[in-house]
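Structure record follows, encoded as structure tokens.
Basis for what follows: all heavy atoms, side chains included, without hydrogens, waters or symmetry-related copies.
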Amino acid sequence: ANSQKDKMLATVSHELKTPLNGILGMIHIMKRQVVDQGFEEMIDVCQNNANLLLNIVNSILDLHLIRKNKLRIFVEKMNIRHILEDVRILFGYQCKKKGITLEIKINDDIPEWIHSDKVRLSEILINLTFNAVKFTYKGGVILHVQIDPQSSDKILFSVKDSGIGIGRKDRERLLKIFSRIEDLHGDNTEGIGLGLAISHSLARMLDANPDTSKGLEIESKYNEGSTFSFSISQNLVQNLRDRS
């Protein structure tokens, strides 16, 4: 029965992707033609919500593949700074509307190009930033990228917020499927509780040694904010070749 449910969810989600991508394509065309700033802001809202809905659909598909042990990564040469700029654009308007800041910090020693899975890395950062923005009502969110102090061949990403915080006993639960921050705090009802669990799995897969990777790590205090962090290999192609 569970297998049939997973299959149905995956099938429906796959069918939803086609119209969603069509909507996003039309929004992109509209943005290029609109000159009125008021209309442009409304289009941005539509685009942000469509992207978030697409992210939920992708999460359901990822869940199906994870349970089947068929989720794969596709390594390519990629520029981290381009991904960070996409995150800034995606959440910039929402932060402005809430009156909070979104700061992107990338250390100078981060290489221009690395080898990893661009789509999966973007998915993790979008999930973490979405949660950080969602539960922050004053102050702001900082997305920081640096060389991992514990391993120079890895890059450490951290998303820090000044939001509501998470209790120690609840942190491990958050990395499980269908567990949501709003369930723990009685606040906000958006989301389906897949983002963090899937991001945890993806973070491990982007490490050269997924079997020993910690995946997502959480530091938090009530009413002081939270920091979600993870490390990925700088050159996943080479590392995978070394392991073969």
- Message: With side chain to side chain contact (heavy atoms under 4.5 Å, CB included) as the test, pick out the partner of Ile155 among Ile80, Ile106, Asp148.
- Response: Ile80
- Residue from Gln33, His28, Met30 passing side chain to side chain contact (heavy atoms under 4.5 Å, CB included) with Ile43: Met30
For [X] versus [Y], what's the shortest heavy-atom pair and its separation?
X	Y	result
Gln234	Pro111	OE1-CG, 3.3 Å
His200	Leu216	ND1-N, 3.0 Å
Leu102	Gly92	CD2-N, 4.3 Å

Hey, any chance [X] and [Y] share a hydrophobic cluster, counting ILVMFWY side chains that come within less than 4.5 Å of each other, even indirectly?
X	Y	result
Ile218	Leu196	yes
Leu84	Leu121	yes
Val75	Val119	no
Val57	Leu24	yes
Ile114	Val145	yes

To the nearest 0.5 Å, tell me how far [X] [atom1] sits from [Y] [atom2].
X	Y	atom1	atom2	value
Arg81	Ile104	CZ	CD1	12.5 Å
Leu125	Ser199	CG	OG	8.5 Å
Phe91	Thr129	CZ	OG1	5.5 Å
Asp117	Glu76	CG	CD	7.0 Å
Ser162	Asn223	OG	CG	11.5 Å
Lys105	Ile110	NZ	CD1	12.5 Å

Between [X] (side chain) and [Y] (backbone), is there a donor-acceptor pair under 3.5 Å?
X	Y	answer
Thr136	Lys138	no
Ser122	Lys118	yes
Ser152	Ile147	no
Asp161	Gly225	no
Lys98	Val133	yes

- Under 3.5 Å, is there a donor-acceptor pair linking the side chains of Ser229 and Ser158? no
- For Ile198 and Glu123, what are the C-alpha separation, side-chain angles and deciding distance, and is it a side-chain contact (heavy atoms from CB on, under 4.5 Å)? CA-CA 9 Å; Ile198 289 174; Glu123 188 174 347; 3.9 Å; yes
- Task: Using the side-chain contact (heavy atoms from CB on, under 4.5 Å) rule, take Lys31 and Gln47 through it: C-alpha gap first, then chi angles, then the decisive distance, then the call.
- Result: CA-CA 10 Å; Lys31 284 190 69 173; Gln47 184 178 45; 3.2 Å; yes
- Query: Is there side-chain contact between Leu53 and Ile23, with at least one heavy-atom pair below 4.5 Å?
  - Reply: no
- Which class fits the ring pair Phe157 and Phe230: parallel under 30°, tilted 30 to 60°, perpendicular over 60°? parallel
